[in-house]
Structures are given as C-alpha cells and as structure tokens.
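Report on one structure; see the data block that follows.
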Amino acid sequence: MSQFKFSVGPWNIHEGADVFGGPVRPTVAFAQKLEQFKKIGFSAIQFHDDDVVPEIDTKSASQIMAEARAMKKLLDDHGLKAEFVAPRLWEAPETIDGAFTSNNAAHREYAMTRTLRSVDLCREIGCDLLGFWYAREGTLCFESKDPVTGVQRLLEGINRVLDYDAAIRIFIEPKPNEPIDRSFAPTMGHAMALATASNDPARVGGLVESAHAVLAGLDPAGEMAFALAIGKLFGVHLNDQNGMKYDQDKAFGAENLRQAFNQIRVLVDHGFGKNGEYVGLDVKAMRTQSAEQCYRHLANSIRVVELMEAKVAAMDRTKCDALIAARDYEALELSIMELLLGA
Ligand code: XLS
Ligand code: MG
C-alpha cells in the first residue's frame, strides 16, 4: 500500500497514434476510463479544459458550465476528485505561434479568455488548481520573438489569473522543448522565478514531470527538491525517459531505477502529499499494447512507486549517516546500489 494519493489524466489512455502513424486502439469512453482508474487505485483526475468539455471552443458559456456540472457529477458517482484544469493552449489555430507569447494580440487575448474560463471550470468541478504547461510559449526561430517580452507576457498571464480569482492556485509545468525548440520556462528554476515575481507568490508553484527534467539534462529528483525547498512543489508527473530525445512518457522507473528511487526518497523525506498533493502520473502505453492491455503502464507505474517506497523505508539511515560523516561516498553509493539490487 502506498502512502500517496494518485492522480491521472484521461489522455494517459489513448489510441496509440504517433507522428508516424495513426491510431492502433479504439477510443475508450470517458466513463469507462474513470471506472478503470478507480479500480487501479487512483483518487483524482487531471483535466485539460477540453477533457472537461469536449470541443469547448464551439460551445456557449451556459452549455460549457452545464457540461462541467455533469462532469462533476460523473466524478462524484465514481468517488473521484478533480486535481487540476489546464487550458489546452496548443491545438487551436489561434495558438499556432504560442498563446500568451504569440506575436498576434488577438491570439494572446484568445489565450487569456480560454485560461480564465478554465478557472471557472476549476470552481465548477471542485478544484482550486490551474495548470500551465507552456507547450508553444517559446520559439522555433529564436529571432521571431523578443525573449524578454516573452517572459514578461507569461508573467502577465499568471497575474491576470491571480487577479481574476482570489482562491485559485497555479502550477507551472516546465519543459525545455517539444513542440517548440526553445521554451521561455524550461526548468523548475524558471518556474520558481516566475512564481516569485508574480503578484501573489504564495499561490504560484511548480509541477515536475520526470521526463521533462531529463529532457533538460537534469535529475527529476533535484528539480523536485528545488521546488520543495521553497515550499512550491504543487504536483508531480512521474514517468520516465530514455535520454534526450522526443518526449517518451514511459512507465515510472522503466529506464532509470536509481533516479526513480531518488524521486520517491525526496518526496517521502520531505512530506510531499501531507498538504493534500497528489502523486500524478503522466505516462503513455506503448503503441504495441492491445486494447485489453492499455492500462498496464498505469498499474505498473504505481507498483514501481510502491516498491520504491519500500526501498526508501528499508534504507539503513544510521549506516548512511556514518558513511556521509566519514565522507566515504563510494561506500555510500555501493550501499544504495545493493539496496536497489536486493543484494
Ligand atoms: C505534456 C504535458 C501535459 C501536461 C498537462 O508534455 O505533460 O500532459 O501535464 O497539460
Ligand atoms: Mg505532464
């Protein structure tokens, strides 16, 4: 049994399409996903605005709120909570060149409208957390945007949300690249700086996705620690990533066990979850999985979290402290490897 509560996004069960080929599995109905999520052991759902209300741009304000209320009921019926709503600011034609940082003023306004509506959705489905994954906030051609103005525009977007709703909290989920080449907020340090520079720093924090940190050449455990140190780790998306290539969203721990161990160690040692935070997953099933097996990556990731929690509990802290005091880090490293390898 884990000490954590887990969350998952509906996009974690998908049809298997990639940039080189179309769907390989049938679409799973939303209610069916919820049922399976609950069975696997999740207690909350991560939402994009259009996961709450599909085709949101084509619907009226009253229709949107009615559908949000229906979603809240569906969650209640399944005994699930909403963790956050993140405006999907990367698919609409208005977001072709970014959202808050688009060079087109009308498009920037589209981003703002859609974001404030996501705050309304948060209220309606019972959460107080808005997520910013800045998919296209950066450049494909570096000279195409003023990089100082770009960062200031991100800050302006954050402040508008804080002003709009006195209770809403915001997390920034940094990622260095993909789909853009250079992000304006590539790491947790950038996210923390934006939070601190905002009008209400207490309500702005960060979410670490393991793979995003690896893509930045950083250790996800270190990124989590950085945000924890200043009381701003609002969430995590555990997964894994084999080096610096396209975003893989592999099952947690599938590539780097020591890094996975250290993420759980940092979270456990610093009481992550004690203020109601969820351990979120953001993992994709392999394209080769059949429809019947398309939930395995979720169950497997939770299993690895639990196994790592057991490893953290089994650490011989007295021995580790003695080795640290003796500055015998080779011996310390070996004792961690033995712990992980069960020797
Ligand atoms: C994509 C992101 C996305 C966010 C939510 O890389 O991880 O899934 O978690 O917008
Ligand atoms: Mg994520």
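Counting starts at 1 for both ligands and their atoms, following the listed order.
- Under the 4.5 Å side-chain heavy-atom criterion for grouping Ile, Leu, Val, Met, Phe, Trp and Tyr, Tyr134 is connected to Leu162 within one hydrophobic cluster.
- Note: Phe6 and Phe4 have perpendicular aromatic rings, judged against thresholds of 30 and 60 degrees for the angle between ring planes.
- Take the Mg ion (ligand 2) as the corner point: the lines to OE1 of Glu209 and to OE2 of Glu173 open at 90°, to the nearest 10 degrees.
- Not a single N/O/S atom of His212, whether from backbone or side chain, sits less than 2.8 Å from the Mg ion (ligand 2).
- Using a 4.0 Å cut-off to heavy atoms of Glu173, the atoms of ligand 1 that qualify are 2 (C), 4 (C), 5 (C), 7 (O), 9 (O).
- By the 4.5 Å heavy-atom criterion applied to side chains, His212 and Glu223 are not counted as neighbours.
- Closest to atom 6 (O) of ligand 1 among all protein heavy atoms lies His212 NE2, 3.1 Å.
- If you look at Asp247 next to ligand 1, the close heavy atoms, those under 4.0 Å, all belong to the side chain.
- Annotation for ligand 1: atoms under 4.0 Å from non-hydrogen atoms of Trp11 are 8 (O).
- The part of Lys175 lying near ligand 1 is the side chain, judged by heavy-atom distances below 4.0 Å.
- In this structure, Pro93 and His107 approach most closely via the heavy-atom pair O-CE1, 4.4 Å.
- Not less than 6.0 angstrom separates the ring centroid of His48 from the ring centroid of Trp133.
- The shortest non-hydrogen separation linking Asn103 to Ser144 is ND2-O, 2.9 Å.
- What sits closest to atom 7 (O) of ligand 1 on the protein, heavy atoms only, is Glu209 OE1, 2.6 Å.
- By the criterion of a heavy-atom distance under 4.0 Å, the side chain of His237, and not its backbone, is placed next to ligand 1.
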Does the salt bridge (Lys or Arg N to Asp or Glu O under 4.0 Å) test come out yes or no for Arg123 and Asp120, once each step is laid out? CA-CA 5 Å; Arg123 278 207 221 97; Asp120 300 339; 3.5 Å; yes
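- Listed here is the closest heavy atom pair of Asp97 and Lys145: O-NZ, 2.7 Å.
- In this structure, Leu257 and Met308 have side chains that are in contact, with non-hydrogen atoms separated by less than 4.5 Å.
- Residue Trp90 has no nitrogen or oxygen atom sitting less than 3.5 Å from a nitrogen or oxygen atom of ligand 1, judged on distance alone.
- Rounded to the nearest 10 degrees, the angle OD2 (Asp282) to the Mg ion (ligand 2) to ND1 (His237) equals 100°.
- Each of the atoms 5 (C), 10 (O) of ligand 1 lies under 4.0 Å from some heavy atom of His48.
- Nearest to atom 3 (C) of ligand 1 among the protein's heavy atoms is Asp282 OD2, 3.7 Å.
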